[in-house]
Amino acid sequence: MVIAVVALAVAFGAAGTASAQVTALTVTVTTTDAIAGALVNVTIDGKTDDTSPLYLYYEPDAADCASTQAEHVRRPNVHTFDILYPGAGEFSFASSFTPEQAATYRICAYLYYQRDNQTQEPRTLGTTTLPVTIKPGTDTDGDLRPVPIDRCPGIAAATDTGCPVMTAPVVSVGKQKLGKGSYSVSITCNLPCDLVYTTSIGSIKFNPGTTSTLDAKAKKVTVRLTKANVAKVKKRLKRASSVTATIKVVATSSYTASQETPETLTVSKSFTITR
């Protein structure tokens, strides 16, 4: 068991006064290996003379901590790993987090008094860093996120999950002849996705369809008219050389750039059907 003990640097700002009897915060980091995907146990010790919310954050490759908690939490790569509430006196808390990637993580601790405004400088601001490496062979796409943390191991992306930001599906379909009312459509998601697609020619509906794809490659789907609706379209084509069909695709993916709820995007594409 490797135990690293480091003292967090202390800085008193505008909120710190002569009556603020806050001692230096100390963090003890306990981990068998500082590797991505392995739990890091953290103990925070200190002393304060008032009820004090204590905000704990980690951020990969950060050069510093912001001067206030309100400013720090707005950083795009900052993660909250605990909010603690020590009372007056000495305190000791155990917490933990799991680093998602190989990086040097900066831990920032902001201690305020209960009635302080977090847009002001804290009573105490402490910081330390933790180098995190990655096990050989666990990063299959070179984005420094190991499997199983990397939910898209074949797509390099510098996000929490190792998956890129989802984009609208690309729908490709060319001009079609009426024939028997069966048409091939290509749908591409940039992430593994579930597809629901509906197609229509005005009030004439095609059979609805659903499919799933477990990769980010083009998926061929077939949209079909019933025999009765083929006959309806054939009547329309007696009056016009072509009709316009529209396919609406709703793509949903759980493999998003964050650990939050699945993302859904919708796109529509028109194509021409001739005699």
Side-chain angles (χ1 to χ4, degrees), residues 1-134 146 149 160 258-260:
M1 181 75 70
V2 176
I3 301 177
V5 182
V6 292
L8 291 172
V10 176
F12 285 94
T17 67
S19 63
Q21 304 299 315
V22 183
T23 61
L25 297 174
T26 302
V27 60
T28 302
V29 180
T30 307
T31 177
T32 53
D33 288 297
I35 59 172
L39 189 69
V40 173
N41 295 311
V42 179
T43 301
I44 301 291
D45 299 293
K47 182 179 180 181
T48 176
D49 66 353
D50 194 7
T51 301
S52 305
L54 175 62
Y55 303 89
L56 304 178
Y57 303 95
Y58 67 88
E59 182 181 9
D61 294 328
D64 57 14
C65 304
S67 59
T68 70
Q69 182 271 342
E71 180 185 350
H72 192 73
V73 78
R74 289 196 294 268
R75 291 184 176 183
N77 295 321
V78 162
H79 299 262
T80 305
F81 72 94
D82 218 338
I83 303 175
L84 307 170
Y85 297 92
E90 294 184 356
F91 60 83
S92 180
F93 291 97
S95 189
S96 62
F97 71 94
T98 301
E100 299 91 355
Q101 65 186 84
T104 298
Y105 282 77
R106 180 168 293 279
I107 300 172
C108 297
Y110 293 81
L111 190 144
Y112 287 86
Y113 284 180
Q114 189 173 22
R115 290 172 294 277
D116 286 347
N117 187 329
Q118 278 73 44
T119 61
Q120 298 175 339
E121 293 184 10
R123 303 285 174 160
T124 300
L125 167 61
T127 183
T128 189
T129 57
L130 174 68
V132 175
T133 59
I134 194 167
I149 284 177
D160 290 350
S258 70
Q259 301 283 4
E260 312 235 337

For this session: Test side chain to side chain contact (heavy atoms under 4.5 Å, CB included) on Val42 and Leu56 and set out the steps.
Result: CA-CA 10 Å; Val42 179; Leu56 304 178; 5.6 Å; no
In the structure I gave you, are the side-chain heavy atoms of [X] and [Y] within less than 4.5 Å of one another anywhere?
X	Y	answer
Thr68	Tyr110	no
Val132	Tyr58	no
Ser52	Arg123	no

For this session: Classify the ring geometry between Tyr57 and Tyr55 as parallel (under 30°), tilted (30 to 60°) or perpendicular (over 60°).
Result: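 The rings of Tyr57 and Tyr55 lie parallel, inter-plane angle below 30°.
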Exercise. Would you find a donor on one side and an acceptor on the other, under 3.5 Å apart, between the side chain of Arg75 and the backbone of Glu71?
Worked result: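 No: the side chain of Arg75 does not pair with the backbone of Glu71.
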Problem set entry | Heavy-atom donor-acceptor pair, Arg106 side chain to Ala63 backbone, under 3.5 Å |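 Between the backbone of Ala63 and the side chain of Arg106 there is a qualifying donor-acceptor contact (under 3.5 Å).
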Closest heavy-atom pair and its distance - [X], [Y]:
X	Y	value
Cys65	Gly126	SG-O, 4.4 Å
Ala38	Pro99	O-CD, 3.2 Å
Ala70	Val73	O-CG1, 3.5 Å
Pro122	Leu111	CB-O, 3.5 Å

Euclidean distance, [Y] [atom2] relative to [X] [atom1], rounded to 0.5 Å:
X	Y	atom1	atom2	result
Leu54	Tyr112	CG	OH	11.5 Å
Asp64	Thr129	CG	OG1	12.5 Å
Thr133	Ile35	OG1	CD1	6.5 Å
Ile107	Glu59	CD1	CD	12.0 Å
Asp45	Ser92	CG	OG	3.5 Å
Glu121	Gln69	CD	CD	13.5 Å

Taking only distance into account, with no hydrogens and no angle test, what donor-acceptor pairs under 3.5 Å do side-chain atoms of residues 77-89 form with protein atoms, sequence neighbours excluded?
{"residue": "His79", "atom": "NE2", "partner": "Asp160", "partner atom": "OD1", "Å": "3.4"}
{"residue": "Asp82", "atom": "OD2", "partner": "Ser95", "partner atom": "OG", "Å": "2.7"}

